[in-house]
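Working notes for the structure below.
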Amino acid sequence: MTTDEELMLQVRRGSREAFEALFERYRVALWRFFRRRVPDPSRAEELTQDTFLAILQGSSRYQGTGLFRSYLFGIAYNILLADRRKASTRQTSALEGDIASAASDPDDGLWVRKALMRLDADDREILMLREYDQLSYQEIAHLRSLPLNTVKSRLFRARLALKVALESCSASELKVIHDRR
Amino acid sequence: MTAVDHPHTPEEIMEMLDGELPFERASVVRSHIATCDACRRLTSELSGVSRDLSSWRLDPPPAMTAPLPPTEQRRTFSASNITWWSFVTARTVAVSAVAAVAIMVVLSSRHNPRPVAGAMTTFLGSAEKPETEAKVTLQSATSPMIARTARLHLLAKDVDASRQAIDRIVRDLAGFMGQVDIERGSNQSKLLRATLRVPAVRLEEALNLVRALGEVIAESQGADDVTEQVLDVDTRLANLRNTEKRLNELLLKRTGQLADVLAAEREVARVREEIERLDAQRKNLDRRVSYATISLQVDEQRKATLDMGPGTASSRFRNALVDGFRSAASSLLEALLIVVRVAPVLLAWTLLLVWPARLFLRWTKGVHSRP
């Protein structure tokens, strides 16, 4: 199987097939990345498309020195930040609202989403990058421009804080869900 | 947790679970965890958080098509494109494309969130390579992999008896206990929190047995489709193994400079770490699918008891007597100490004032006795 990096080098040389192969490999992971962070499913789809378009437009500058996956999520993260900046100027959404509504069923993982909202925003982002997007510590450090040890300590702190938050959320949420049924 | 008691930091347990520790270091941490209750508890807590986070499921991903390159790049894109462009003049293509785009925009505007891009993709995709349309829409050929979870909140008469029953249920169903915590609440009743892992096919049976242990206060069930995650991990694993193989072949030749060889060795180590991390992740996904997770909380019904306080009546009577004697002795000693403390001061003032007082008395007596 051709590696991501080889495919990306082929994309740089102008191969449409290589680009479609990369799109197939990462479209779901990238869509999930955005879906957990923006309230509107169609907006998540648009941002996924924007990311791949940015990859395509910047393919001539791709050097192939690092993992393609890190490169891809780096671009996705920048696009997300730009979108959040736009959203904050429009004052139409906030991250809390994004997380709270990012599920097809309102009950799905509600207690987890509520617990996540209680975390410090930076810690929450690092935790989500690790748990949901499966990024390595080094990739997160690169993405967030943080020292590796800071990523480790924040991730550890976030997990312990989330455990406490989940425990306080769980009982009340279970009751609510049970009553609803 | 101190460095004296544990050969690693708490963060290293997390790194081990995340597959971020080098293999040798991870082995050291794993063998310590096997013998240390505190570290095992932390391991279980961290795993529990990851498990809980996975209960946030997303709606299925939409069918998306790869975006087309911008106009200035399209000309250089792929040999098939060049052939396609070579058959017709640029002007004809431009006019045809604009017309086709306009038609497709109208047709697809109802469903496509990005009508222009979607329409262009559909149009050019069918012109260039019709079979890619089917390929671009991801359709997993594998059977779905579902990780099932359940949460139960019960009210039981006796938490200790419930604990034994739960052990029996888990054992009978060939499952295992993830974690068990029992604590006493402020009203003296006990509270049990446990994570049960039972074979996914026997989840319903397990839930029926557990429900029978008390009154159900709350209950929920979930199913997380991890098929995409498994495919994703498998793809990345295959990529990394391929990279590792090529790097090892490169190292065997050793034709480059020393710096290049060292860089390649570092890259091999990094790739190996990543493979181990993904392997662990893959096994974890398999476990999540084959074993369902039941998060259980059992509250004990409150039992009011007559509390006479700690200790028997005779011992309490003896203690009171001893306390009485101790208080009497203590008060006598205090009085004696006050006397000892004050007596020298009184003596000093008496000596100091007695002569002036006698002189004053004599003088006043002399004055009154004169005729």
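A quick note: this is a predicted structure, and the numbers were derived from the prediction, not measured. All chains are named by letter (A, B, ...) in the order of the sequence lines, taking the proteins before the strands, and each is independently numbered beginning at 1.
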Under 4.5 Å between any side-chain heavy atoms of A:Leu67 and B:Val271, yes or no?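 A side-chain contact under 4.5 Å is absent here.
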Ion pair A:Arg130/B:Glu20, N-O distance below 4.0 Å: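 Answer for the salt bridge query: yes.
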Carboxylate-amine/guanidinium contact A:Arg32 B:Asp232, below 4.0 Å: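 So A:Arg32 does not pair with B:Asp232 through a salt bridge.
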So how far is it from [X] [atom1] to [Y] [atom2], rounded to the nearest 0.5 Å?
X        : Y        : atom1 : atom2 : answer
B:Asn239 : A:Glu6   : CG    : CD    : 8.5 Å
B:Leu46  : A:Leu160 : CG    : CG    : 6.0 Å
B:Arg51  : A:Leu166 : CZ    : CG    : 11.0 Å

For the candidates B:Asp52, B:Thr149, B:Val233, which exhibits the highest count of non-hydrogen atom pairs separated by less than 4.5 Å from chain A?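 That would be B:Asp52.
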Taking all non-hydrogen atoms of both residues, which atom of [X] and which atom of [Y] are closest, and how far apart?
X        : Y        : answer
A:Tyr132 : B:Leu53  : OH-O, 2.6 Å
A:Ser136 : B:Glu274 : CB-OE1, 4.2 Å
A:Glu131 : B:Ser50  : OE2-OG, 2.7 Å

Chain B neighbours within residues 146-156 of chain A, where any heavy atom lies under 4.5 Å away: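 Interface residues of residues 146-156 of chain A: A:Lys152, A:Leu155, A:Phe156.
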Under 3.5 Å, is there a donor-acceptor pair between the side chain of A:Arg36 and the main chain of B:Trp56?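 Answer holds: yes.
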How would you list, by chain and number, every residue that makes a side chain to side chain donor-acceptor pair (under 3.5 Å) with A:Asp133, sequence neighbours excluded?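 Residues passing side chain to side chain donor-acceptor pair (under 3.5 Å) with A:Asp133: A:Arg37.
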Between A:Phe52, A:Tyr137, A:Tyr26, which shows the greatest number of heavy-atom pairs under 4.5 Å with chain B?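 Heavy-atom pairs under 4.5 Å are most numerous for A:Tyr137.
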In terms of heavy-atom pairs under 4.5 Å, which option from A:Gln10, A:Arg69, A:Gln138 contacts chain B the most?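 Looking at each option in turn, the highest pair count goes to A:Arg69.
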Which atoms of B:Arg241 approach chain A - backbone, side chain, both or neither, heavy atom under 4.5 Å: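 When you check distances to chain A, no heavy atom of B:Arg241 falls under 4.5 Å.
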Using the side chain to side chain donor-acceptor pair (under 3.5 Å) definition, which of the options B:Arg236, B:Gln281, B:Arg277 pairs with A:Gln134?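 When side chain to side chain donor-acceptor pair (under 3.5 Å) is applied between A:Gln134 and each of B:Arg236, B:Gln281, B:Arg277, only B:Gln281 qualifies.
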